[in-house]
Number of protein chains: 2
Amino acid sequence: MKLDAVDVRQAASAADIVYEALRKAIIEGALAEGENLRQDQIAQMFNTSRIPVREALSRLEQHGLITTQRYKGAVVAGLSIEEIEEIFEFRALLEAEVIRLAVPNMDRRTLELARRHCDEFGKESDSAKWGETNRNFHYSLYEAARRPYYLQIVRASLDRIDRYLRAQLTLTDGMKRAAREHEAILDACTKGDAELASSLTRDHILDAGRSLVVFLKEQRG
Amino acid sequence: MKLDAVDVRQAASAADIVYEALRKAIIEGALAEGENLRQDQIAQMFNTSRIPVREALSRLEQHGLITTQRYKGAVVAGLSIEEIEEIFEFRALLEAEVIRLAVPNMDRRTLELARRHCDEFGKESDSAKWGETNRNFHYSLYEAARRPYYLQIVRASLDRIDRYLRAQLTLTDGMKRAAREHEAILDACTKGDAELASSLTRDHILDAGRSLVVFLKEQRG
DNA sequence: CATAGAAAGATTGGATCCAATATACAATCT
DNA sequence: AGATTGTATATTGGATCCAATCTTTCTATG
């Protein structure tokens with residue numbers, strides 16, 4: 001007997017499904033910041049009870065995507081400009097280090113995959129998909145660092161500001177500029193220049209952060 | 001009328017209490033790694049139902065302190081040597097940066113508080129309390145960085161390896177060495193030398209990590 | 001009319017109950 | 001005996017119910 005066995009114990013629980021759906025909605029900006037999240041309402045949307053919803057909300061709160069108040073409920077978390085600046089600064093530190101550690105481990109497969117994501121990002125016309133292709137590109141390089149803990153934190157910090165980052169990409173030349181910077185980063189990786197890849201990544205993140213903050217300060221007054 | 005008002009809405013929920021108690025027990029090593037955590041049993045210990053326990057366990061899992069399997073329950077997370085090495089490396093990067101950012105903001109009060117924690121650490125004879133005083137010392141300096149997001153991550157990563165770190169401190173001269181290194185870090189901060197404080201912090205963490213790994217490799221074979 | 005306070009409705013936190021799954025052990029077959 | 005199957009028990013995941021709290025609305029009163 002031979003068949004493609006899958007581990008059924010990895011089947012997603014109701015809480016997993018609700019969590020992933022809400023996480024995606026918040027990251028993509030489908031749920032506006034400050035929006036109320038009623039347990040009952042969400043439970044009905046997913047044809048389940050409030051218990052798995054509560055667990056999903058608990059996870060979202062741990063990740064900083066929502067804030068809750070006892071007996072008052074959950075709202076989609078909003079970030080102040082100071083908080084956004086801090087997270088961009090943090091990401092610059094962390095991702096610059098991750099790619100420095102990653103470069104020595106990059107093999108042909110990694111670079112080819114990154115090349116595909118890079119091209120895809122450059123060609124993508126649907127602005128709704130930029131966030132996803134942007135992630136794919138960076139993660140495809142970061143994976144080579146073989147640092148699961150670092151990557152977990154990278155993911156969590158990106159989750160928090162992804163909504164804003166997507167807004168930044170749609171700004172005037174945010175997208176074109178990001179595409180150019182991606183090319184430069186990928187080039188450095190291909191050449192095996194870890195220091196260059198690291199400092200380019202750092203600048204890439206800090207630049208995006210700066211132009212986003214300028215934009216938000218105008219917008220918020 | 002004048003009184004110390006507290007916001008009653010911040011009163012801890014049952015889930016909060018269970019979470020904090022379990023977190024403390026795991027960090028301090030009171031719960032051995034691999035130990036089973038039965039929802040019913042914990043609920044009875046806290047005179048509550050399984051619902052708040054489930055929420056507490058969910059939070060612990062998000063923070064990596066326990067691992068759970070569907071329908072099988074939760075066990076206290078254990079870390080492989082590779083994972084421990086990664087977290088020490090991560091902490092070195094992060095905490096070195098935090099203290100670099102903190103030094104310019106340190107005022108007299110901060111330094112006096114750190115001095116007290118430093119002395120307390122040096123005098124403390126109860127090895128069970130070393131972990132706590134160690135935290136107090138470092139945090140008292142880190143606070144000055146005014147980077148809440150960084151500090152949240154610092155705390156989470158320290159939580160994961162605190163059990164092992166405490167073991168390291170009780171090693172032969174781990175404690176004396178740590179006390180000396182604390183003095184040096186505090187001196188650098190007092191002098192306002194951010195770069196020195198940063199590199200000393202980095203070495204302090206990497207040294208502890210290295211001697212811990214040596215110890216664990218012997219112990220685990 | 002404005003406002004304080006009470007009552008009603010909505011919403012969350014927690015308790016209890018049921019269903020799904022895993023584990024341990026007995027029964028059965030070769 | 002050893003392996004396999006069935007069954008009983010324990011445990012978790014989810015549904016439903018109740019209690020605590022918040023929010024809104026209504027009313028009485030100045």
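This one's a predicted model, so the numbers in the text were calculated from it and none came from an experiment.
- Not counting sequence neighbours, the partners of A/Arg166 by the salt bridge (charged side-chain N to carboxylate O under 4.0 Å, His left out) test are A/Asp162.
- A/Arg160 pairs by the salt bridge (charged side-chain N to carboxylate O under 4.0 Å, His left out) definition with nothing, not counting sequence neighbours.
- For B/Tyr149, the ring-ring contact (aromatic ring centres under 6.0 Å, His included) criterion is met by A/Phe90, not counting sequence neighbours.
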Readout for nucleotides 8-20 of chain C: B = base within 4.0 Å of protein heavy atom, S = sugar-phosphate only, - = neither; 5' to 3' it is ---SBBBBBB--B

Taking distance alone, no hydrogens or angles, what donor-acceptor pairs closer than 3.5 Å link side-chain atoms of residues 110-117 of chain B to residues at least two apart or in another chain?
residue	atom	partner	partner atom	Å
B/Thr110	OG1	B/Asp107	OD1	2.8
B/Arg115	NH1	B/Asp119	OD1	3.0
B/Arg115	NH1	B/Glu183	OE1	3.4
B/Arg115	NH1	B/Glu183	OE2	3.3
B/Arg115	NH2	B/Glu183	OE1	3.3

Side-chain donor-acceptor pairs under 3.5 Å in residues 33-43 of chain A, sequence neighbours left out?
residue	atom	partner	partner atom	Å
A/Glu33	OE1	A/Tyr164	OH	2.6
A/Glu35	OE1	A/Ala32	N	3.1
A/Gln39	OE1	A/Arg50	NE	3.0
A/Gln39	OE1	A/Arg50	NH2	3.1

